[in-house]
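The figures that follow rest on heavy atoms only: side chains count, while hydrogens, waters and symmetry mates do not. This is a predicted model, so every value here is computed, not measured.
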Amino acid sequence: QVQLVESGGGLVQAGGSLRLSCARSGRTFSSRAMGWFRQAPGKEREFVAAIGWSDGNTYYADSVKGRFTMSRDNAKSTVYLRMNSLKPQDTAVYYCAASLYFSGSYNRGDYDYWGQGTQVTVSS
């Protein structure tokens, strides 16, 4: 069984920073890419960022470009999302996901495994 476990969420003031982590465990599998998505109350789950597992290429939603940075540690099978200059509209549950076949996809349907989510709340 493949597991993705997120951590690092919390409450932060606007302008602050957080770093999310997503640890991958379970049976060995070759994922093409990892992604972060978020879902605010009453809204659909939306793409935030993705990274190619082998080449390290990164992709970002326009709304977070320049503020968020995604990175990976292959040895630890962990990806990170560094979030700076946080805004109240960044408040959401953040989900980590793994895609077996697609690199850099913005489409949540292209991701095969999902974590349980971690809450990020940005106060104004």
Side-chain angles (χ1 to χ4, degrees):
Q1 189 75 8
V2 172
Q3 288 187 325
L4 301 175
V5 179
E6 303 99 334
S7 61
L11 173 64
V12 63
Q13 288 189 333
S17 299
L18 283 174
R19 190 181 78 158
L20 306 182
S21 300
C22 173
R24 188 180 73 175
S25 63
R27 71 172 178 89
T28 301
F29 74 104
S30 178
S31 61
R32 185 85 183 272
M34 300 289 290
W36 286 98
F37 288 73
R38 66 187 182 187
Q39 188 167 16
K43 295 188 176 181
E44 291 192 354
R45 193 171 299 188
E46 64 175 6
F47 172 82
V48 176
I51 190 166
W53 196 255
S54 58
D55 58 22
N57 288 340
T58 52
Y59 310 84
Y60 298 97
D62 288 342
S63 59
V64 307
K65 207 170 288 184
R67 299 188 298 123
F68 290 12
T69 302
M70 188 171 182
S71 61
R72 77 202 193 291
D73 185 330
N74 292 31
K76 295 183 179 180
S77 292
T78 300
V79 296
Y80 306 95
L81 185 68
R82 177 68 179 183
M83 305 184 294
N84 295 329
S85 302
L86 282 161
K87 306 174 182 180
Q89 52 263 47
D90 294 318
T91 295
V93 177
Y94 283 70
Y95 296 91
C96 173
S99 176
L100 297 179
Y101 305 108
F102 299 93
S103 182
S105 174
Y106 289 47
N107 182 359
R108 64 186 182 184
D110 291 335
Y111 290 81
D112 304 280
Y113 299 99
W114 293 84
Q116 82 289 350
T118 185
Q119 177 71 46
V120 171
T121 303
V122 184
S123 62
S124 57

Tell me the closest heavy-atom pair linking Cys96 and Met34, and the distance in Å. SG-CE, 3.6 Å
Search all heavy atoms of Ala33 against all heavy atoms of Ser103 and return the closest pair with its distance. CB-CA, 3.7 Å
Reported OG-to-NZ distance for the pair Ser25 and Lys76, which is rounded to 0.5 angstrom: 15.0 Å
Just to verify, what does Thr121 make a side-chain hydrogen bond (donor to acceptor under 3.5 Å, both in side chains) with, not counting sequence neighbours? Gln119
Which pairs with one or both residues in residues 56-99 pass ring pair (Phe, Tyr, Trp, His ring centres under 6.0 Å), sequence neighbours excluded? none
Applying the 4.5 Å side-chain criterion to the ILVMFWY set and letting contacts propagate, would Leu11 and Leu86 be lumped into a single cluster? no
What's the shortest heavy-atom distance between Arg72 and Asp55, and which atoms? NH2-C, 4.1 Å
If you compare all heavy atoms of Leu81 against all heavy atoms of Val48, which two are closest, and at what distance to 0.1 Å? CD2-CG1, 4.2 Å
Please name the pair of heavy atoms, one in Ser17 and one in Ser85, separated by the smallest distance, quoted to 0.1 Å. OG-N, 4.4 Å
Using a 4.5 Å cut-off on heavy atoms from C-beta on, say whether the side chain of Val120 contacts that of Arg38. no
Applying side-chain contact (heavy atoms from CB on, under 4.5 Å), name anything that partners Ala40, two or more places apart in sequence or on another chain. Lys43, Ala92
Salt bridge (Lys or Arg N to Asp or Glu O under 4.0 Å) pairs, two or more places apart, involving residues 103-124: none
Is Met83 linked to Phe47 within one hydrophobic cluster, defined over Ile, Leu, Val, Met, Phe, Trp and Tyr using a side-chain heavy-atom separation of less than 4.5 Å? no
Rounded to the nearest 0.5 Å, what separation is found between the CD atom of Gln13 and the OG atom of Ser124? 9.5 Å
Which atom of Thr78 lies closest to which atom of Ser21, heavy atoms considered: CG2-CB, 4.4 Å
Path from Tyr111 to Tyr113 over hydrophobic side-chain contacts below 4.5 Å: no
With rounding to the nearest 0.5 Å, note down the distance linking OG in Ser63 to CG in Asp90. 7.5 Å
Examine Phe102 and Trp36 and state if one hydrophobic cluster contains both, with Ile, Leu, Val, Met, Phe, Trp and Tyr joined whenever side-chain heavy atoms are less than 4.5 Å apart. yes
What's the spacing between Met70 CE and Cys22 SG if we round to 0.5 Å? 7.5 Å
With sequence neighbours excluded, residues passing ring pair (Phe, Tyr, Trp, His ring centres under 6.0 Å) with Trp114: Phe37
Would you please name every residue forming a side-chain contact (heavy atoms from CB on, under 4.5 Å) with Asp62, sequence neighbours left out? Lys65
According to a 4.5 Å side-chain heavy-atom criterion applied to Ile, Leu, Val, Met, Phe, Trp and Tyr, with indirect links allowed, do Val79 and Val5 form part of one hydrophobic cluster? no
Please answer whether the main-chain N or O of Gly117 pairs with a side-chain N or O of Glu6 as donor and acceptor at a distance below 3.5 Å. yes
